Colleague: 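I have a structure here, written as structure tokens, and I will follow up with some questions on it.
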Amino acid sequence: MKHAFRPFLSVLSILAGAAYFAACSNGQNAEISYINDETIRSAADAKEGATLWTRELESVRLLRDIAKAPFAADTVSLSPTSVAAADVGRPFIFPRLPGFGSLDTTLLSTELADFLNAFCASAAKWQFSAAQFEPEALFSLILFRHDVQTAWQDKFGVPFPPESHAAEEGADEQPSHAVFDSWIFGKPFIDGSDFEIPVRFICKSGFIDVSVFIAQKTDFYINQLQILKWGKKNGT
């Protein structure tokens, strides 16, 4: 009986030893894994703390509602295709007239454009107000009137337009002529409070390009008129 029991005890001892060593091995592995995790985390935290991070780019845009855009109607569903079709990222392209230049008048303030339109409306009827000119620039106005009236026949092949009505005797109103039908402004050149603005006066016979020099003080005043070019209809 003793001889039969000994092999059983031997087998039991071997199994118990194997279980003990397995438990010890698993505990050591868990401890090594914990140590490794702590070491990696500490190294990562130290690395992050020593790193100089740049400022977040476009942080405001990330918080902005981009479901709508000011350039698109509410009925337009925003998509890559619709945004690409709008092409809002590029600067505006303005038309140009050969021999005249760009028609970009975005630099003209509302007040300056109103002043210039008032002058052109007067010039279209060949009636001028001295109040629109600086006192020392009135001679420039006299030369402009003289040059246009004397060169009209030569440049356009027709007489200067006659008066629409004669001024009444003793009246302050100037005689009216239907000289120009319309006008357009070109891109202005601005130097502080001084402006040079190309204006094309259009009539039935052609056009006259004029540089209008304006100074801004308390108000706007014209200080020079310069004829740049004559253009005959169906000609040069």
Side-chain angles (χ1 to χ4, degrees), residues 58 60-61 64 66 68-129 132-134 137 140-141 144-145 147-148 151-152 155-156 178-236:
E58 299 184 342
V60 177
R61 179 174 294 185
R64 185 181 302 165
I66 59 174
K68 295 183 179 180
F71 59 85
D74 294 339
T75 55
V76 176
S77 177
L78 292 185
S79 66
T81 303
S82 62
V83 173
D87 200 11
V88 295
R90 296 187 180 183
F92 293 108
I93 299 176
F94 294 89
R96 298 178 62 89
L97 285 180
F100 183 74
S102 172
L103 301 183
D104 176 9
T105 59
T106 54
L107 295 179
L108 286 179
S109 66
T110 302
E111 296 77 14
L112 179 54
D114 289 344
F115 173 82
L116 199 56
N117 272 312
F119 164 73
C120 293
S122 298
K125 296 183 295 184
W126 213 238
Q127 294 177 328
F128 299 92
S129 171
Q132 295 177 318
F133 291 78
E134 290 187 348
S140 176
L141 171 60
F144 174 74
R145 287 173 54 94
D147 291 344
V148 171
W152 191 280
K155 298 294 185 180
F156 292 145
V179 178
F180 301 115
D181 301 317
S182 60
W183 56 88
I184 56 175
F185 304 148
K187 185 176 182 178
F189 173 78
I190 302 175
D191 183 14
S193 59
D194 295 322
F195 307 85
E196 179 185 352
I197 305 163
V199 179
R200 172 165 289 187
F201 291 100
I202 303 169
C203 63
K204 296 179 177 62
S205 302
F207 64 83
I208 304 176
D209 290 345
V210 179
S211 271
V212 181
F213 295 84
I214 298 175
Q216 182 179 16
K217 297 179 180 178
T218 305
D219 297 311
F220 294 105
Y221 295 97
I222 299 172
N223 53 31
Q224 185 181 356
L225 296 173
Q226 180 182 2
I227 298 176
L228 300 175
K229 182 181 180 181
W230 294 72
K232 185 177 180 181
K233 190 175 182 179
N234 300 326
T236 57

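These numbers come from a predicted model, not from an experiment. Both backbone and side-chain heavy atoms feed into the values below; hydrogens, waters and symmetry mates do not.
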Colleague: Give me the ring orientation class for Trp152 and Phe180: parallel if the planes are under 30° apart, tilted from 30 to 60°, perpendicular past 60°.
Modeller: tilted
Colleague: Keeping to residues at least two apart or across chains, list the side-chain hydrogen bond (donor to acceptor under 3.5 Å, both in side chains) pairs with something in residues 205-218.
Modeller: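 Checked against side-chain hydrogen bond (donor to acceptor under 3.5 Å, both in side chains) - neighbours excluded - the pairs reaching residues 205-218 are Glu134-Lys217, Glu196-Ser211, Arg200-Asp209.
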Colleague: Would you mind writing out the side-chain donor-acceptor pairs for residues 107-121 within the sub-3.5 Å range, not counting sequence neighbours?
Modeller:
unit_1 : atom_1 : unit_2 : atom_2 : d
Ser109 : OG     : Leu112 : N      : 3.1
Asn117 : OD1    : Trp183 : NE1    : 3.0
Asn117 : ND2    : Ala113 : O      : 3.1

Colleague: Quick one: which of Lys233, Lys125, Lys204 gives a salt bridge (charged side-chain N to carboxylate O under 4.0 Å, His left out) with Asp181?
Modeller: Lys204
Colleague: Looking at every non-hydrogen atom in both residues, tell me the closest pair between Pro198 and Phe100 and how far apart they are.
Modeller: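 Heavy atoms only, the tightest pair is O-CZ, 3.7 Å.
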Colleague: Would you compute the distance between atom CG of Leu228 and atom CD1 of Ile208 and round it to the nearest 0.5 angstrom?
Modeller: 11.0 Å
Colleague: Applying side chain to side chain contact (heavy atoms under 4.5 Å, CB included) to Phe195 and Phe220, what does each step give before you reach the verdict?
Modeller: CA-CA 10 Å; Phe195 307 85; Phe220 294 105; 4.0 Å; yes
Colleague: Run through Ile227, Val210, Leu225 and flag the one making a side-chain contact (heavy atoms from CB on, under 4.5 Å) with Val148.
Modeller: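 Considering Ile227, Val210, Leu225, a side-chain contact (heavy atoms from CB on, under 4.5 Å) with Val148 is found only for Ile227.
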Colleague: Show every donor-acceptor pair shorter than 3.5 Å between a side-chain atom in residues 184-192 and any protein atom, with sequence neighbours excluded, or say none if there are none.
Modeller:
none

Colleague: Quick check: closest heavy atoms across Ala215 and Asn223, and the distance to 0.1 Å?
Modeller: CB-ND2, 3.5 Å
Colleague: Which atom names give the shortest non-hydrogen contact between Cys203 and Phe156, and what distance separates them?
Modeller: SG-CE1, 3.8 Å
